[in-house]
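Proteins come first, then strands; the chains are lettered A, B, ... in the order of their sequence lines, and each starts at number 1. The model shown is predicted, which means the values in this text are computed figures rather than measured ones.
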Protein chains: 2
Amino acid sequence: MRATVPITVNGLKTACSQCNLVELCLPFGMADSELSRLDELVGARRKVKRQQNLYRAGDRFEAIYAIRAGSFKTDVLLEDGREQVTGFQMTGEILGLDGISTETHSCNAVALEDSEVCVIAYDKLEQLSHQIEGLQLQFHKVMSREIVRDHGVMMLLGSMRAEERLAAFLLNMSQRFNARGFSSQEFNLRMTREEIGSYLGLKLETVSRAFSRFQEDGLISVQQKHVLLLDPAGLKRLIQHQQGVR
Amino acid sequence: MRATVPITVNGLKTACSQCNLVELCLPFGMADSELSRLDELVGARRKVKRQQNLYRAGDRFEAIYAIRAGSFKTDVLLEDGREQVTGFQMTGEILGLDGISTETHSCNAVALEDSEVCVIAYDKLEQLSHQIEGLQLQFHKVMSREIVRDHGVMMLLGSMRAEERLAAFLLNMSQRFNARGFSSQEFNLRMTREEIGSYLGLKLETVSRAFSRFQEDGLISVQQKHVLLLDPAGLKRLIQHQQGVR
DNA sequence: TTTTTTGGTTGACGTGGGTCAACGAGCTTG
DNA sequence: CAAGCTCGTTGACCCACGTCAACCAAAAAA
């Protein structure tokens, strides 16, 4: 079998070996020799405009997606209309893993801004995992990381008070922006207060008040979606020393 | 390579092909021809007494575990002592997936009763997944199912009120007992009110009060850990129609 | 530019569930 | 079988966060 370099709709090569996100994405930690073989994995890129769905709960599962540009939220809806945001995803992160188990997506993925993803056909991934030593392990690590992340969110939702939740959220965003070469102290959130609230199990008013409180206390400076972390250590202390409600 | 039948400490064969839990466990859905090859996967069984740890956060990750008998809880601890139970596991379910990502376990697994697990060396699983067609897919499905389950817990913690959470918990237990050939209406819980509370993001008093309320309303009959679901449909309605707090 | 819409902030007030405390029922251990 | 546990139940009280509502800023539309 020969690896062919796939061509996308917009005529750009979608080669993992040439992507600057390797460090963050599925191929992380793979040997160069293996990496070049990966190029046949990514079929095409797909653009998703702000507010559009990459996939919806109920859609047949066929591929997973690596975010090349932009960001997403995933959420679950209850029959009665209640929404729970289950995560926010940034470049290099993988979307769609929820679909493997039942071959049907179980949540919605919505672009928070105009974004672009690499489409990774799942059957091809399965095949290549059999052949490329490192790919299987990496993929397992990606899934496992998602499980660990989810446990962190459960901790947050189950055992922390409002301000602790927001502090944890801000520190997490900071760390992820930093990993992508952006400032860890200053960044623009892509989601609304309501979406943050849904993720943190709080109402938007509570999120807004917590932001204001942090600003009063000199921990951060906020203006709409623009956040400046003035005292990250202070935020960390907030999480560790404050005793929980539950 | 020849498959050898491994012998455990207690002299019993640990063969997936002869295990009555195949329907629920990792081998689910695999062809008979593939199944027999699986027997070399399970190294040994390990007994874990009530209250003992199968593994702890920080332990080096080497194996995943399939529950042969008994049940477990997994939890995460915060520096300040707060505990969040992230799940309860029953026979046929897989423990330890959290360890793959960092090669270190990120949570604790504690037996809720005297239990026994099949030890599946992870490196062997990786190898065999390369060779056995169906094993890789099944393993991916198991991990994906865990992710979907976690999203369900987030929904519960983030968007439901106390009674809804307990109703969802009871229905989930009921369904899982049923899948194991036990009554879906009558069962004995293995965990304390405090552990249920930690899982549901509630205090034990709140859990206890919700149990009492359900009994008053004729939805269930409880006596300590013994539960009888008198009106499962009523519990379901409670989740769907009650409007959430958040 | 003005108008409209969407998102964010803030205040006043209400309540679900947390806190604290007493008590009782099973289990275990001597 | 008493003594000491652990676990579960229930009541009284309280507070963190939800609810409702007014208002403002930014962004989008006209």
Does B/Glu205 make a side-chain donor-acceptor contact with the base of C/dC20, cut-off 3.5 Å?
-> yes
With no hydrogens and no angle check, is any side-chain donor or acceptor of A/Ser174 less than 3.5 Å from a backbone partner on A/Ser184?
-> yes
Candidate nucleotides C/dG18, C/dG8, D/dC17, ranked by approach to the side chain of B/Thr206 - the nearest | C/dG18
Atom CG of B/Leu202 and atom C1' of C/dG18 are separated, to the nearest Å, by 10 Å
What is the distance, rounded to the nearest whole Å, between atom CE of B/Met160 and atom C1' of D/dG18?
-> 18 Å
Let me know the distance between NZ of B/Lys203 and P of D/dT10, rounded to the nearest Å.
-> 19 Å
Taken to the nearest whole Å, CZ/A/Arg161 to C1'/D/dC14 is 13 Å
With a non-hydrogen cut-off below 4.0 angstrom, is B/Ser212 in contact with a base, only sugar-phosphate, or nothing?
-> sugar-phosphate
Rounded distance in Å - CZ (B/Arg165) to C1' (C/dG18) | 12 Å
For B/Phe72, ring-ring contact (aromatic ring centres under 6.0 Å, His included) partners two or more places apart | none
Could you state the CE-P distance from B/Met191 to D/dC7, rounded to the nearest angstrom?
-> 14 Å
Enumerate the protein-to-nucleotides 22-24 of chain D contacts in which both atoms are nitrogen or oxygen and the separation is below 3.5 Å.
none

Those residues of residues 213-225 of chain A lying under 4.0 Å from DNA chain C by at least one heavy atom = A/Gln224, A/Lys225
Side chain B/Arg209 and base D/dG11 donor-acceptor under 3.5 Å | yes
Hey, which sits more toward the 5' end of DNA chain D by its nearest nucleotide, B/Gln51 or A/Arg50?
-> B/Gln51
Should the pair A/Glu163-A/Arg213 be classified as a salt bridge under the 4.0 Å nitrogen-to-oxygen rule?
-> yes
Salt-bridge contact A/Glu93-A/Arg176 (side-chain N to carboxylate O under 4.0 Å) = yes
In short, the helix from C/dT1-D/dA30 to C/dG30-D/dC1 is bent end to end, axes from five pairs each side, to 10°, by 50°
Using side chain to side chain contact (heavy atoms under 4.5 Å, CB included) as the criterion, point out the one residue from B/Thr86, B/Asp150, B/Asp98 that pairs with A/Asp150.
-> B/Asp150
Salt bridge (charged side-chain N to carboxylate O under 4.0 Å, His left out) between A/Glu164 and B/Arg82: does it pass, once the steps are laid out?
-> CA-CA 13 Å; A/Glu164 292 179 284; B/Arg82 280 179 277 182; 2.5 Å; yes
Out of A/Arg50, A/Lys49, A/Arg190, which residue meets the salt bridge (charged side-chain N to carboxylate O under 4.0 Å, His left out) rule with A/Asp114?
-> A/Lys49
How would you label the contact of A/Thr192 with the nucleic acid (heavy atoms, under 4.0 Å): base, sugar-phosphate, or nothing?
-> sugar-phosphate
Mind calculating the distance between CD1 (B/Ile196) and P (D/dG8) to the nearest angstrom?
-> 7 Å
Sequence neighbours excluded, which residues qualify as ring-ring contact (aromatic ring centres under 6.0 Å, His included) partners of B/Phe187?
-> B/Phe177
So A/Arg209 and A/Glu216, salt bridge (charged side-chain N to carboxylate O under 4.0 Å, His left out) or not? Walk me through it.
-> CA-CA 10 Å; A/Arg209 276 187 252 266; A/Glu216 281 167 34; over 6 Å; no
Between P of D/dT19 and CD of A/Glu194, the distance in whole Å = 12 Å
For B/Ser159 and A/Gln84, work out which heavy atoms get closest and say how close.
-> OG-OE1, 2.8 Å
If you check every side-chain atom of A/Ser208, which of C/dT9, D/dC17, D/dT9 has the closest atom?
-> C/dT9
Option passing side chain to side chain contact (heavy atoms under 4.5 Å, CB included) with B/Leu235 (candidates B/Leu166, B/Leu230, B/Ile220) | B/Ile220
Sequence neighbours excluded, the answer for ring-ring contact (aromatic ring centres under 6.0 Å, His included) partners of B/Phe214 is none
